[in-house]
**Student:** 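For reference, the structure I am asking about is given below.
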Amino acid sequence: MTITDIKPRNTKPATKKRATVRASDPKNPNLTPEQLDAFGDELDDLRQRVLGKLGKEDADYIRMIVKRQQQFEIAGRALFYLPPAWPLAVAALSVSKILENMEIGHNVMHGQYDWMGDPKLNSRIYDWDTMAPGENWRYGHNYIHHTYTNILGKDRDIGYGILRMDEDQKWRPYYLGNPIYALLLMLLFEEGVAVHDLEVDRIMAGERTWEETKKVGKPILRKVGKQTLKDYVLFPLLTGPFFLSTLAGNAVANVVRNIWTFNIIFCGHFPAGVATFTEEECENESRGHWYYRQLLGSANITGGKLFHIMSGNLSHQIEHHLFPDIPARRYPELSVEVQALCEKYGIEYNTGGLTHQLWTVAKKIVRLSFPTGTAKPQPAPVATSDETLAA
Amino acid sequence: MTLTTKLLGSKAVAALTAPHGVDRYLEMFNPMWAATEVRARVVDIHRENPGAEGSAPVATLTLQPTSTWRGHRAGQYVQVGVELPGSARRLTRCFSISSAASLPGERFTLTIRANDEGQVSTFLVNSAQVGQMLHLSQADGKFTIHESAATPTNNHLVMISGGSGITPVMAQIRTLLRDGYDGRANRKVTFIHYARSEADQIFADELAEIAAGDNHVDVHLRYGDATFSEFELRRLVPDFKNTDTWACGPGGLIELVRDAFGEENPRLRVEFFKPPTVSTGSATGAVSFVKAGATAENTGATLLEQAEALGLTPEFGCRMGICFSCVKTKTDGTVRNVLTGEESSLPDEEIRICVSSPVGDCSVDL
Ligand code: FES
């Protein structure tokens with residue numbers, strides 16, 4: 001297939017500017033089923049090539065990260081005995097929690113390291129250092145979100161049942177608080193993720209039975225209890241006279257982690273230009289279309305090596321969504337080939353710096369707090385792939 | 001159990017490291033520190049059949065376990081997990097313990113034959129060095145003996161083993177002799193072993209010593225084409241059907257022994273090795289879902305679809321291999337990954353049943 005085969009969807013400019021982008025937007029190529037199949041085959045090929053390379057390097061890497069994370073954790077916990085070192089203690093503990101949640105927890109729970117046969121790095125055994133129980137999260141995230149990514153009405157990660165993040169979520173006066181809800185969600189992200197699987201909005205709408213709620217709710221209570229006991233009772237008690245300063249330090253570390261993970265994750269699917277799909281568009285979807293949807297529905301963040309590690313390589317959200325079970329440290333090398341494929345098929349590869357991506361997310365949150373159309377429509381600029389590869 | 005082990009294994013310490021285990025942190029300081037996990041360091045490697053031409057090498061490894069090791073009863077086995085050099089993949093296999101019963105934290109030995117197909121056994125026998133760390137389970141298995149010098153319950157015990165099946169039987173005889181089993185009070189042991197050749201006989205010196213000792217243990221070694229026969233057993237032990245018997249060896253031997261003892265004879269305890277699986281390259285054979293007790297002809301569809309066709313409802317999510325909701329243990333057989341075409345015959349392997357289809361006979365723990 002040659003590139004010229006790919007026709008733009010529509011040559012006429014769209015009459016009305018939308019606040020959010022649909023897959024059917026003219027900027028997205030109108031790939032035929034055959035083209036989608038070919039595209040899918042190329043990605044399958046790529047996947048195979050990288051899977052074949054997995055080995056000692058990847059195992060050493062994740063063990064090294066675990067070791068570093070534990071060193072930060074132990075240093076952080078210990079430094080609380082030294083009151084003047086409080087900021088250092090908080091910083092070390094924050095780094096530990098961020099590493100544990102993102103590069104280790106999120107990725108291990110995706111099964112990226114199951115092939116190693118190490119129970120400590122096994123997706124079904126691992127549980128992460130947050131209030132959200134691993135078992136609930138694996139269902140809501142690995143299955144629902146990763147399978148139905150950006151399908152309106154199916155992907156519960158569009159707005160998390162709290163925010164209006166797409167124009168097709170019908171506006172209600174409740175959404176006037178969109179920016180405030182977003183801010184609260186950022187500060188309480190850990191708690192937010194924990195209760196996400198309760199699907200509170202659906203309980204309110206009477207769509208969930210009490211039995212279902214209890215089944216999901218129990219592990220949440222248990223896990224929240226354990227996390228609270230550890231961070232807000234036991235470790236503060238262990239530091240004796242410094243009880244309060246340790247308690248405050250642990251709280252701050254948790255919030256720092258909340259803010260960081262919220263920002264990275266919101267840059268994954270909400271920057272300007274990321275497309276959503278309707279259920280009809282995804283009926284009987286081919287593997288190629290699934291890949292295509294993951295691509296249009298995700299966005300990357302550019303940055304240096306340390307930044308990628310601290311974001312759990314979710315700065316490569318696109319590669320993560322294409323290959324959720326490949327060790328994340330492989331995403332930077334994968335992204336080079338994915339971008340080449342995007343160019344070949346005329347698919348936009350959405351990437352940009354952290355501040356740029358965040359800015360477009362913030363604008364979207366504010367815009368969608370108003371009934372769509374009343375706020376001044378202002379298409380946000382979309383980063384082009386030229387800006388990438390800084391990684 | 002030492003005080004430190006008790007403390008490290010306590011709920012209070014676990015609450016501090018939750019949601020992770022205490023061992024995740026301890027291992028970072030010293031691989032021999034553990035609160036609940038069991039690991040061991042190889043402290044000695046002894047080649048059992050150095051001169052045996054044309055047969056697989058056998059070695060005895062002496063292991064120093066972590067203080068979490070609860071000890072073992074003679075005849076039990078242990079799961080050994082090892083990361084093969086260069087592959088970073090941990091493989092886990094079961095091996096019988098060859099030394100006499102151990103107490104918590106005590107050293108014990110494994111005697112292993114390097115199978116051609118067995119990556120783990122080959123590594124342990126040929127390449128492992130003193131100092132190698134192994135991941136262990138606690139000892140397990142019911143091929144044990146309740147007889148002891150202090151509380152004898154039997155007058156006569158029969159042990160039958162073939163090839164590598166000698167390992168757990170050796171552990172039993174060693175335990176009996178160590179604990180003062182001396183044949184007085186008219187107790188005796190008849191031990192019959194089948195080996196490929198005299199040169200291939202492991203523990204030969206020790207067996208000769210046992211045979212010569214005044215202990216009422218009769219050792220009968222059979223080599224080459226000699227196979228088990230009921231006739232011979234009857235000659236050695238006329239009332240064998242009413243005599244407590246332990247038999248361990250290849251499937252073929254165990255079949256013959258079982259036939260001789262009759263269906264469901266409670267006096268007979270057996271343990272046998274599975275023959276290695278070979279891929280047949282096509283969708284033939286039978287698929288069995290072990291927990292559900294369902295078996296059907298292999299249709300070539302994915303295991304998830306075949307299970308559903310039988311009316312089972314295994315857990316699943318994406319049905320496309322990305323979410324890991326459907327992971328189950330394949331206990332036996334070969335599966336092909338329908339996305340990649342890759343085949344795998346590893347025993348007790350975790351597979352995603354939504355993207356695995358069986359090639360030939362296959363059993364899944366479902
Ligand atoms: S159902 Fe998702 S991996 Fe099998």
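Lettering of chains follows the sequences in order, A, B, ..., and the numbering in each one begins at 1.
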**Student:** If we only count heavy atoms from C-beta on, is the B/L339 to A/R287 side-chain gap below 4.5 Å?
**Tutor:**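 In contact.
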**Student:** Strictly less than 4.5 Å between heavy atoms, which residues of residues 19-27 of chain B line up against chain A? Please order them by number.
**Tutor:**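 When heavy atoms of chain A are the reference, residues 19-27 of chain B contributes B/P19, B/H20, B/D23, B/R24, B/Y25, B/E27 within the under-4.5 Å range.
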**Student:** Any side-chain heavy atom of A/M116 within less than 4.5 Å of one from B/R90?
**Tutor:**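 No. Closest side-chain heavy atoms not under 4.5 Å.
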**Student:** Do A/N122 and B/F324 have side chains that approach each other closer than 4.5 Å (heavy atoms only, starting at C-beta)?
**Tutor:**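 Sidechains of B/F324 and A/N122: no contact.
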**Student:** Counting only heavy atoms closer than 4.5 Å, note whether B/L91 contacts chain A via side chain, backbone, both or neither.
**Tutor:**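 The answer is neither part of B/L91.
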**Student:** Kindly indicate whether the side chain of A/T147, heavy atoms from C-beta on, has any atom under 4.5 Å from the side chain of B/I322.
**Tutor:**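 Yes, side chains in contact.
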**Student:** Verify side-chain contact (heavy atoms from CB on, under 4.5 Å) between B/F29 and A/I74, making sure each step is shown before the conclusion.
**Tutor:** CA-CA 12 Å; B/F29 293 102; A/I74 291 167; 4.0 Å; yes
**Student:** A quick test of your reading: do over 12 heavy atoms of other residues, nucleotides or ligands sit less than 6.0 Å from CZ of A/F72?
**Tutor:**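 No, the 6.0 Å shell around CZ holds no more than 12 heavy atoms from other groups.
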**Student:** For the backbone of B/A18 and the side chain of A/K230, can you confirm whether one donor and one acceptor N or O come within less than 3.5 Å of each other?
**Tutor:**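 Side chain of A/K230 to backbone of B/A18, a donor-acceptor pair under 3.5 Å: yes, one is there.
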**Student:** Shorter than 4.5 Å, heavy atoms on both sides: which option in A/K120, A/Q48, A/K223, A/K226 has the most such pairs with chain B?
**Tutor:**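 Between A/K120, A/Q48, A/K223, A/K226, the count favours A/K120.
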**Student:** Looking at A/D114 and B/R89, is any side-chain nitrogen of the basic one under 4.0 Å from a carboxylate oxygen of the acidic one?
**Tutor:**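 Between A/D114 and B/R89 there is no salt bridge, as every charged N stays at least 4.0 Å from the carboxylate O atoms.
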**Student:** What part of B/E349 lies closer than 4.5 angstrom to a heavy atom of chain A: side chain, backbone, both or neither?
**Tutor:**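 Contact with chain A: none, neither part.
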**Student:** Could you name each residue pair satisfying salt bridge (charged side-chain N to carboxylate O under 4.0 Å, His left out) that touches residues 130-151 of chain A, not counting sequence neighbours?
**Tutor:**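 Checked against salt bridge (charged side-chain N to carboxylate O under 4.0 Å, His left out) - neighbours excluded - no pair reaches residues 130-151 of chain A.
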